[in-house]
Amino acid sequence: MTERIRIKDIAKRSGVSVGTVDRVLHNRPNVSEPARKKVEKALAEMNYQPNMYASALAYNKSYTFFLFIPKHEEETYWQEIEEGAAKAMESRRDFHIDVKFIYYERFNDDSFRTKSKECLQQKPDGVVVVPAEFEITREFTETLHENNIPFILLDSYMPELKPLSFYGQDSLSSGFFAAKILMMKAFDNQEIMLMKQMKNGHVSSTQQVNREVGFRNYMKTFFPDVKIIEVNLPRESSKEEYANILEDYFTTHPNTHHCITLNSKAHIVGEFLLKTHRNNIQIMGYDMVAKNAECIKKGSISFLIAQHAYQQGYSCVDALFRTIVLKKKVQPVNYMPIELIMKENIDFYRRTQL
């Protein structure tokens, strides 16, 4: 075990007072340049590594981090994000970390602008941003840059915005992977149903757009003759409306036996299949939310791709903590594992590896 280096040891080696060493270590004024150089030389020779945790605790400052995310229902990917962020705050309680949430409405630029201004008015020390469309997000992140507020991108990676860091899956690879797994079961099918949820002609995130690109790239390369039939279940519609759309689809497409969705709503189709006793049809989707888990256990969902949402929420807050409080560098791009969940291993899946 490395012997702890004391301030008086540094003072003795550099030939200055303990007070001078303390001022150099904490970057305080009133230190002559010759004295500073002596201390820095001694620190280098002694391979001194400061205890950033102790320094941060001694500073006794409070910090507020904001998660700027879409409004959402319970039992969703976003709820797991929030729980992970809250756990990170709890684990850093001694450092006076507070995590707050601000919600904007998807597909609503006015909501995004209003809520981003609300966030800035509260003078955050750091922000986790779930991007909307690129231009509207850039308005917000440029202001964060101007105010020297570090921010992390979550869910969708937009490197042009120059975030401190990013946490999420490699969406293109994820969509390619999803198609490959699906076609291991559906290799002899002539058609696949692709379920989407859209509003004003758009899916809810850049991440889903990129997943679809990866999905279609795989299909075009390896199964070019398979027909991909899109079915839109409009966002904010009722279960009855969804049921009518799905009933019409499966009645008119009796040869569809496999479906996929690139969001966390596979359970909408899964629950419909169970209710209508269509045992020869399955859907594949994303995210280990409770309703999806129930469907996979009952057999209407064949596979889920896990995103480790809880870990993402935790890691984003922890990265802000390490950067802002401990003054440490963090890795700029952090891709989450692409993990496959099925009936046989769902009971052994852990939402976090922390």
Side-chain angles (χ1 to χ4, degrees), residues 67 69-85 101 103-107 130-132 154-157 167-175 177-179 181-182 193-199 202-212 214-215 230-237 239 242 245-246 258-274 282-298 300-313 316 335-343 346 349-352:
L67 263 71
I69 64 177
K71 287 183 179 178
H72 57 84
E73 303 169 356
E74 293 185 358
E75 295 186 352
T76 64
Y77 164 76
W78 303 112
Q79 186 177 7
E80 289 266 303
I81 294 283
E82 290 186 18
E83 290 174 3
F101 303 93
Y103 306 99
Y104 66 89
E105 294 180 13
R106 286 280 197 188
F107 313 106
V130 175
L154 172 65
D155 187 60
S156 298
Y157 187 32
Y167 286 87
Q169 281 189 342
D170 182 325
S171 303
L172 288 169
S173 296
S174 177
F177 174 82
I181 295 299
L182 176 68
M193 188 259 268
L194 172 61
M195 188 275 273
K196 292 185 177 183
Q197 282 195 300
M198 305 176 76
K199 186 173 182 179
H202 299 283
V203 296
S204 62
S205 70
T206 302
Q207 185 186 58
Q208 286 185 47
V209 172
N210 290 336
R211 285 176 187 165
E212 185 172 346
F215 172 79
E230 293 188 15
V231 174
N232 178 29
L233 302 183
R235 292 176 62 86
E236 301 173 359
S237 292
K239 286 186 177 181
Y242 290 157
I245 294 170
L246 292 170
H258 291 277
C259 320
I260 187 168
T261 183
L262 304 172
N263 61 30
S264 62
K265 301 293 186 177
H267 61 84
I268 295 176
V269 181
E271 289 171 351
F272 171 82
L273 295 175
L274 291 170
Q282 291 184 322
I283 185 166
M284 176 180 183
Y286 278 75
D287 300 325
M288 262 288 297
V289 299
K291 290 180 180 179
N292 283 347
E294 187 67 19
C295 286
I296 207 170
K297 289 179 179 180
K298 292 181 178 179
S300 61
I301 292 180
S302 52
F303 301 110
L304 290 172
I305 293 179
Q307 292 192 78
H308 291 280
Y310 182 92
Q311 184 177 345
Q312 288 182 55
C316 284
Y335 286 123
M336 294 291 105
I338 301 174
E339 293 191 349
L340 191 67
I341 307 301
M342 61 189 78
K343 187 175 182 179
I346 191 169
Y349 175 77
R350 297 292 181 266
R351 69 177 184 175
T352 174

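Everything quoted here is computed from the prediction, not taken from an experiment. Numbering of residues begins at 1 and proceeds along the displayed sequence.
Distance check: His202 NE2 to Arg235 CZ gives 13.0 Å after rounding to the nearest 0.5 Å. Taking CZ of Phe303 as the start and CG of Asn292 as the end, the distance is 14.5 Å to the nearest 0.5 Å.
Between Tyr157 and Asn210, the side chains place no donor N or O within less than 3.5 Å of an acceptor N or O (distance only, hydrogens not considered).
Side-chain contact check for Glu271 versus Glu294: every heavy-atom pair is 4.5 Å or farther apart. Between Val130 and Tyr104 the shortest side-chain heavy-atom distance falls below 4.5 Å. You'll find the side chain of Ser205 reaches within 4.5 Å of the side chain of Arg106, heavy atoms only. Side-chain atoms of Gln169 and Tyr286, non-hydrogen and from C-beta on, do get closer than 4.5 Å to each other. Taking the side chain as every heavy atom from C-beta outward, Ile301 and Leu273 never approach each other to under 4.5 Å. Counting heavy atoms from C-beta outward, Ile296 and Leu304 have side chains that approach closer than 4.5 Å. Inter-residue side-chain proximity for Ile305 and Met284 is flagged as met; some heavy-atom pair is nearer than 4.5 Å. The shortest side-chain heavy-atom distance between Gln197 and Tyr242 falls under the 4.5 Å cut-off.
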**Report entry** Working for ring-ring contact (aromatic ring centres under 6.0 Å, His included), residues Tyr335 and His308
**Finding:** CA-CA 10 Å; Tyr335 286 123; His308 291 280; over 10 Å; no
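Taking a 6.0 Å sphere around CD of Glu236, one finds it holds 12 or fewer heavy atoms contributed by other residues, nucleotides or ligands.
The backbone N or O of Met198 lies less than 3.5 Å from a partner atom in the side chain of Asn232, making a donor-acceptor pair. A donor-acceptor distance shorter than 3.5 angstrom exists from the side chain of Gln207 to the backbone of Asp155, with no hydrogens or angles considered. In this structure, Glu83 contributes its side chain and Ala309 its backbone to no donor-acceptor pair below 3.5 Å. Side-chain atoms of Asn263 come within 3.5 Å of backbone atoms of Lys265 as a donor-acceptor pair (strictly under, hydrogens ignored).
Checked against salt bridge (charged side-chain N to carboxylate O under 4.0 Å, His left out), Glu212 has the following partners two or more places apart in sequence or in another chain: Lys196, Arg216.
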